[in-house]
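Read through the structure below, which is laid out as structure tokens, and then see the notes.
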Amino acid sequence: MKQLFDDVSFKCSKLVTKNYSTSFSSAVYMLSPSIRDAIYSIYGFVRFADEIVDTFHGFDKEELINDFEKEYYKAYKAGISLNPILNSFQFTVKENNISDDLIQAFLKSMKLDLIKSDYNSKEEYDDYIYGSADVVGLMCLKVFVKGNNTRYEQLKGEAMRLGSAFQKVNFLRDLKDDNLVLNRNYFPGVDLNSFDEKAKAQIIAEIEEDFRVAYEGIKKLPIEAKFGVYTAYVYYRKLLKKLAKTPCHEIGNARIRVSNYTKAGLLAQSFVTYKLRLV
């Protein structure tokens with residue numbers, strides 16, 4: 001029974017989400033049940049690609065990412081894959097008319113992580129973030145608007161800014177690992193040796209502006225998506241505040257986190273705000 005296999009495939013994507021990101025998984029759970037599986041499938045696809053280039057040390061990463069891409073397109077053409085992550089993703093792509101340019105932009109940024117260590121200009125930086133984060137937000141937006149292209153175009157800019165904000169927070173939080181473990185420097189002109197309070201303040205101001213614009217889009221999202229996206233927004237804003245209060249040298253020496261206790265409080269706060277129609 002193909003339906004049973006598809007159900008198992010989506011459950012696998014959900015399992016990937018839960019195991020790799022408790023925070024994102026919690027936010028997805030706040031979405032309407034009608035769209036959760038699609039978002040899990042998107043996360044599963046982008047997470048596996050990201051894991052290939054970030055953590056599969058000792059393996060031929062280039063071969064793995066190229067095979068992953070080829071297998072996706074085979075799955076898309078055939079309408080099935082024995083890789084459950086690709087099977088659920090190809091279904092979501094077709095069901096929600098996710099354009100191939102978004103997928104290609106994402107894979108391009110993933111492949112850049114194999115060959116590029118430094119982003120020396122804003123153009124390079126913006127291009128990488130577009131492919132690694134903005135397009136993921138756009139894939140999710142396709143699911144949220146359920147094929148309404150007019151609404152998609154109206155919310156496209158804000159969705160991209162939210163993706164950018166999330167990615168930049170991750171870059172700032174992971175500054176040490178990116179530099180010392182993966183030998184990557186995403187912020188133009190900034191590395192562990194030149195990172196100071198002035199540089200940190202400039203990055204945070206840039207992220208705050210992304211969040212400001214993104215929030216206007218969150219308020220316009222369909223009811224099925226608004227609470228879940230707002231929950232993720234609140235969590236990342238809290239993480240950014242922690243980073244802002246952390247001395248720059250400590251950001252380079254430890255990975256800043258938001259405790260589970262704080263996350264629970266943020267979820268409660270988000271729920272009250274949502275129910276009072278303040279967002």
Side-chain angles (χ1 to χ4, degrees), residues 20-24 27 43 46-47 49-55 57 61 65 105-140 158-215 232-258:
Y20 275 101
S21 178
T22 55
S23 300
F24 188 78
Y43 182 87
V46 301
R47 170 52 63 186
D50 192 56
E51 287 301 301
I52 289 171
V53 299
D54 279 0
T55 67
H57 310 308
K61 295 180 180 181
I65 194 69
F106 171 74
L107 291 170
K108 175 187 173 184
S109 284
M110 292 302 97
K111 291 175 184 178
L112 279 175
D113 279 336
L114 298 179
I115 60 174
K116 192 170 179 62
S117 299
D118 296 294
Y119 291 79
N120 299 311
S121 70
K122 189 175 186 304
E123 182 180 2
E124 289 182 344
Y125 170 65
D126 288 344
D127 187 55
Y128 179 84
I129 289 177
Y130 172 75
S132 65
D134 294 3
V135 298
V136 180
L138 294 177
M139 290 182 207
C140 292
E158 289 95 335
M160 290 170 61
R161 294 295 285 271
L162 187 61
S164 290
F166 287 171
Q167 183 69 298
K168 291 170 188 176
V169 170
N170 288 336
F171 285 166
L172 187 57
R173 180 194 61 189
D174 298 336
L175 192 64
K176 178 184 177 182
D177 284 346
D178 284 341
N179 272 259
L180 299 183
V181 178
L182 298 174
N183 191 32
R184 297 181 196 147
N185 176 32
Y186 294 109
F187 294 117
V190 175
D191 58 28
L192 283 180
N193 295 320
S194 64
F195 189 60
D196 56 19
E197 291 299 332
K198 181 179 179 181
K200 187 184 82 169
Q202 290 175 339
I203 292 169
I204 289 174
E206 179 182 320
I207 299 171
E208 287 285 9
E209 179 60 16
D210 284 333
F211 274 132
R212 185 192 68 77
V213 175
Y215 180 72
Y233 163 86
V234 168
Y235 166 70
Y236 268 88
R237 285 295 305 274
K238 182 64 176 180
L239 183 55
L240 183 62
K241 288 179 181 178
K242 283 199 71 173
L243 289 164
K245 292 178 181 178
T246 303
C248 59
H249 66 275
E250 289 187 23
I251 291 177
N253 292 323
R255 197 170 192 263
I256 308 303
R257 299 178 182 273
V258 175

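Heavy-atom basis, side chains included; hydrogens, waters and symmetry copies ignored. The structure presented is a predicted model; accordingly, all values stated were derived computationally and were not measured. Numbering starts at 1 and runs along the sequence shown.
- Under the rule for a salt bridge (charged side-chain N to carboxylate O under 4.0 Å, His left out), the partners of Lys108 that lie at least two apart in sequence or sit in another chain are Asp127.
- Distance alone, capped at 3.5 Å, places no donor-acceptor pair between the Asp134 side chain and the Gly163 backbone.
- The 12-atom threshold is exceeded at NZ of Lys116, counting heavy atoms of other residues, nucleotides or ligands nearer than 6.0 Å.
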Exercise. List the steps, then state whether side chain to side chain contact (heavy atoms under 4.5 Å, CB included) holds for Lys168 with Ile129.
Key: CA-CA 8 Å; Lys168 291 170 188 176; Ile129 289 177; 3.6 Å; yes
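- Here the closest heavy-atom approach between residue Gln167 and residue Ser132 is recorded as NE2-OG, 2.8 Å.
- Although no hydrogens or angles enter the test, the distance criterion places a donor-acceptor pair under 3.5 Å between the side chain of Glu197 and the main chain of Cys248.
- Counting heavy atoms from C-beta on, the side chains of Tyr43 and Val136 never come closer than 4.5 Å.
- Smallest separation of non-hydrogen atoms from Ser121 and Pro188: O-CG, 3.6 Å.
- Using a 4.5 Å cut-off on side-chain heavy atoms (C-beta onward), Lys111 and Ile65 make contact.
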Exercise. Kindly indicate, with the supporting measurements, whether the criterion side chain to side chain contact (heavy atoms under 4.5 Å, CB included) is fulfilled by Phe211 and Val169.
Key: CA-CA 11 Å; Phe211 274 132; Val169 170; 4.1 Å; yes
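- Closest of all the heavy-atom pairs between Lys61 and Val53 is NZ-O, 3.2 Å.
- Ring geometry, Phe171 versus Tyr186: the interplanar angle falls under 30°, so the pair is classed parallel (tilted spans 30 to 60°).
- Residue Arg161 comes nearest to Asp210 through the heavy atom pair NE-OD1, 2.6 Å, listed as atom of the first residue, atom of the second, then distance.
- How far CG of Leu107 is from CG of Leu112: 11.0 Å, rounded to the nearest 0.5 Å.
- Rounding to the nearest 0.5 Å places CD1 of Ile203 at 10.0 Å from NZ of Lys200.
- When all heavy atoms of Leu240 and Leu172 are compared, the pair lying nearest together is CD1-CD2, 4.5 Å.
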Next item on the list: Any chance you could lay out the side chain to side chain contact (heavy atoms under 4.5 Å, CB included) test for Arg184 and Asp174, step after step, and finish with the verdict?
Entry: CA-CA 10 Å; Arg184 297 181 196 147; Asp174 298 336; over 6 Å; no
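- For Asp196 (side chain) and Lys198 (main-chain N/O), a donor-acceptor pair under 3.5 Å exists by modelled atom type.
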Applying salt bridge (Lys or Arg N to Asp or Glu O under 4.0 Å) to Glu51 and Arg47, what does each step give before you reach the verdict?
CA-CA 6 Å; Glu51 287 301 301; Arg47 170 52 63 186; 2.9 Å; yes
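- The two atoms that bring Ala27 and Ala232 nearest to each other are CB-CB, 3.9 Å, heavy atoms only.
- Exactly one of Tyr119, Phe187, Phe106 qualifies for a ring pair (Phe, Tyr, Trp, His ring centres under 6.0 Å) with Tyr128. That residue is Tyr119.
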